[in-house]
Q: 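Below is a structure I'd like to ask you about.
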Amino acid sequence: MDRLAIVVPCYNEEEVLKICSEALRGVLCDLISKGKIASDSFVLFVNDGSKDRTWDLIEEEHALYPKMIKGVKLAGNVGHQFALTAGLITAKDMCDVSVSIDADLQDDVAVIEEMIDKFHEGKDIVYGVRKKRKTDTFFKRVTAQGFYRFMNVMGVKSVYNHADFRLMSKRALENFSEYKETNLFLRGIVPLIGYETDCVYYDRKERVAGESKYPLKKMLALAFNGISSFSVKPITMITTLGVVIIFLSLCAAVYALVSYFMGHVEPGWTSLILSIWFLGGVQLLSIGLIGQYVGKTYIEVKHRPRYNIEKILSD
Ligand code: UDP
Ligand code: MG
């Protein structure tokens, strides 16, 4: 029987922690009684340097349900992505399959069962995908949608409307732990792992209590981090811009020369305007070219795994 670990990053979540713990314990008990997961499955709370009573509450819950509720206390606040990573890497050696979910219960815990079913069908990664965003504010909806589009244009492939609510098998976690990069963008890395994947759909709810720990500032930082740690496309764009401007300068050259021979220009204008455009283009192109090498170096230093072997048939 497979041992499930539900990993929950928590930052200043004292209002929701008990509710969350109760809901997840309910899910575990239900799945255990249905014989879908092992009886020693557990919830792993990761306290991301909370300033309130979150950790005390996790300790209380652990004292009450020592087998079912476990906790990891990070020494300081490292942010959602790293807190979740810490939890997943810790859980890796203790479980056969993991599900990550936010503490605020915005994601529907009822679909965890569906995820487990898909896991039993042989899927290694199952993404929780939001159907609609009607409970989010208009602002959050627009910014979040813009975020996915922009990321895609910038060359970071991620699953649309999927946050960090997902199931990962032990072997997916093992491959994930090979990604040693510091600038970590989980939603971009998970699709690189490979294996068979699937999605489950749910309606995203309001936060049970407390407020969002992801203000616009953190969201922009996440977007920028995602792009800059995944793709060198911005550099390529500079190179392209350089080429375009050089081409435009050639068109401008024709125009300027014609004007010059028609005789109605100020002296010096033709050579000035041509130099400005042409040199501008050449400079951009050169920066882009240097950028390509910097970009390559950047990709190299990440030391990402180059492949992930699923099966070997021999002898
Ligand atoms: N979180 C965290 N560290 C942080 C910020 C948030 O561990 O620095 C956790 C938070 O406790 C929650 C999850 O990340 O479990 C998602 O945060 P939130 O619900 O505030 O984001 P939103 O749903 O508004 O995007
Ligand atoms: Mg939330």
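The figures here come from the full heavy-atom set of this structure, side chains too, leaving out hydrogens, waters and symmetry mates. Ligands are counted one by one from 1 in listed order, and the atoms in each one are counted from 1 as well.
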Q: Ring of Tyr201, cation from Lys131 - is the NZ or CZ under 6.0 Å from the centre and inside 45° of the axis?
A: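 No, Lys131 does not sit over the ring of Tyr201.
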Q: Distance only, no hydrogens: is a donor on one side chain within 3.5 Å (strictly under) of an acceptor on the other, for Asp164 and Gln81?
A: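 Per modelled atom types, Asp164 and Gln81 side chains form a pair under 3.5 Å.
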Q: Using the salt bridge (Lys or Arg N to Asp or Glu O under 4.0 Å) criterion, which residues pair with Asp2? Sequence neighbours excluded.
A: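 Not a single residue meets the salt bridge (Lys or Arg N to Asp or Glu O under 4.0 Å) criterion with Asp2.
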Q: Which residue owns the protein heavy atom closest to atom 25 (O) of ligand 1, what's the atom, and how far is it?
A: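 It is Lys140 NZ, 3.2 Å.
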Q: Treating Ser21 as the side-chain partner and Leu17 as the backbone partner, does any N or O pair qualify as donor plus acceptor under 3.5 Å?
A: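 Judged by distance alone, no pair lies under 3.5 Å.
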Q: Check whether Tyr195 forms a cation-pi arrangement with Arg171 (NZ or CZ under 6.0 Å from the six-membered ring centre, at most 45° off the ring normal).
A: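 Yes, a cation-pi geometry.
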Q: Considering both backbone and side-chain atoms of Ala83, is one of its nitrogen or oxygen atoms within less than 3.5 Å of a nitrogen or oxygen in ligand 1?
A: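 Between Ala83 and ligand 1, no N or O pair is found under 3.5 Å apart.
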Q: Cation over ring, Arg3 on Phe42, under 6.0 Å and within 45°?
A: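 Not satisfied by the 6.0 Å and 45° rule.
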Q: With a 4.0 Å cut-off on heavy atoms, is Arg204 in contact with ligand 1?
A: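 A heavy atom of Arg204 does come that close to ligand 1.
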Q: Between Tyr202 and Phe165, does the ring centre distance come in under 6.0 Å?
A: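 Yes.
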Q: Kindly compute the distance separating CG (Leu24) from CG (Leu44), expressed to the nearest 0.5 Å.
A: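 These two atoms lie 11.5 Å from each other.
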Q: Going by chain and residue number, what protein N/O/S atoms come nearer than 2.8 Å to the Mg ion (ligand 2)?
A: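 The answer, once waters are left aside, is Asp104 OD2, Gln106 OE1.
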Q: Atom 3 (N) of ligand 1: which of Asp102, Asp48, Val78 has the nearest heavy atom?
A: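 Closest candidate by heavy-atom distance is Asp48.
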Q: Mind checking whether His80 contacts ligand 1 via backbone (N, CA, C, O), side chain (CB onward), both or neither, at a 4.0 Å heavy-atom cut-off?
A: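 Looking at His80 and ligand 1, atoms from backbone and side chain both fall under 4.0 Å.
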